[in-house]
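Have a look at the structure below, then the notes.
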Amino acid sequence: MNSMDANRKKSRTVAGILFLIYFFVLFYFLFFSEEMGRTYSERVYHYNLVPFKEIGRFIRYRNVLGRKAVVLNLVGNVVAFMPFGAFLPIFSVRCRRILCTVWYSFELSLVVELLQLIFKVGSFDVDDLLLNTVGGMLGFLVYFLAVRAWRGKHGNKTT
């Protein structure tokens with residue numbers, strides 16, 4: 001095994017470990033975090049099936065809800081899925097195309113939302129599906145730009 005293959009294997013191993021850590025942290029915050037209100041069982045369960053309803057509500061009532069709630073909901077849902085979109089193309093050659101990564105980001109978000117619906121943790125929100133999918137797409141763009149910068153700096157070597 002030459003040094004390029006060894007470096008590639010080492011990079012994939014480190015990326016794999018970071019990906020696993022990301023999944024554990026993501027699922028903790030989505031299903032178990034007290035700070036996110038996930039363990040509060042006394043509340044009535046809510047869900048949203050109308051696209052852009054909650055996004056509009058958070059924007060419209062941003063002064064009432066507070067900056068933290070707005071950022072946590074809107075930006076947090078996007079940022080939470082960016083690592084998924086960035087890591088996925090590292091592990092799957094097929095997902096080095098944006099549509100594949102966007103599709104799997106949507107699927108993962110749908111699984112999360114359905115689990116929240118089934119277990120009545122958090123809330124099922126179609127807007128979260130949109131925001132999470134955008135996050136996966138932005139993560140892919142970060143991956144794409146990083147690969148492009150790497151190739152520009154180190155020649156056109158395969159990464």
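Note that this is a predicted model, so its numbers are computed, not measured.
For the atom pair NZ (K10) and OG1 (T13), the distance works out to 9.5 Å, reported to the nearest 0.5 Å. Remark: L130 CG to F106 CZ distance equals 8.5 Å, nearest 0.5 Å. To the nearest 0.5 Å, atom CD1 of residue I90 and atom CG of residue L18 are 9.0 Å apart. Atoms OG and CG, on S105 and L129 in that order, are 11.5 Å from each other to the nearest 0.5 Å. The line from CE of M137 to CG of N132 is 12.5 Å long, rounded to the nearest 0.5 Å. Expressed to the nearest 0.5 Å, how far OH of Y22 lies from CE of M82 amounts to 10.5 Å.
The hydrophobic cluster containing L20 does not contain Y28, counting ILVMFWY residues as joined when their side-chain heavy atoms lie under 4.5 angstrom apart, directly or transitively. Hydrophobic clustering (side-chain heavy atoms under 4.5 Å, transitive across Ile, Leu, Val, Met, Phe, Trp, Tyr) keeps V147 apart from V93. In this structure, V111 is a member of the same hydrophobic cluster as F81, with clusters built from ILVMFWY side-chain heavy atoms closer than 4.5 Å. A continuous path of Ile, Leu, Val, Met, Phe, Trp and Tyr side chains, each step under 4.5 Å between heavy atoms, connects V14 with I17, placing both in one hydrophobic cluster.
For the pair S123 and N48, the minimum side-chain heavy-atom distance is 4.5 Å or more. Considering only heavy atoms from C-beta on, V78 comes within 4.5 Å of L138 through its side chain. Considering only heavy atoms from C-beta on, I21 stays 4.5 Å or farther from F24 through its side chain. Between F124 and Q116 the shortest side-chain heavy-atom distance does not fall below 4.5 Å. A heavy-atom distance below 4.5 Å is found between the side chains of R57 and L65.
With sequence neighbours excluded, the residues satisfying side-chain hydrogen bond (donor to acceptor under 3.5 Å, both in side chains) with R94 are Y104. Taking the ring-ring contact (aromatic ring centres under 6.0 Å, His included) definition, one finds that F58 meets it with nothing, sequence neighbours left out.
Checked by atom type and distance alone, the side chain of D127 pairs as donor or acceptor with a backbone atom of I55 at under 3.5 Å.
Sorted by first and then second residue, the side-chain hydrogen bond (donor to acceptor under 3.5 Å, both in side chains) pairs involving residues 60-70 (not counting sequence neighbours) form an empty list.
Within 6.0 Å of CD1 in I118 there are more than 12 heavy atoms belonging to other residues, nucleotides or ligands. Counting heavy-atom neighbours within 6.0 Å of Y47 OH, excluding the residue itself, gives a total of 12 or less. F91 CZ: more than 12 foreign heavy atoms inside a 6.0 Å radius.
Among all heavy-atom pairs drawn from F31 and V121, the shortest one is O-CG1, 3.4 Å. The minimum heavy-atom distance linking T101 with C95 is given by the pair OG1-O, 2.8 Å.
Under the 30°/60° scheme for interplanar angles, the aromatic rings of Y143 and F140 are found to be tilted. Using the six-membered ring where Trp is involved, H154 and W150 have ring planes that are tilted, between 30° and 60° apart.
Here the two rings, on F19 and F23, have centers that are under 6.0 Å apart.
The side chain to side chain donor-acceptor pair (under 3.5 Å) with N77 is formed by just one residue from the set T133, D128, D125; it is D128.
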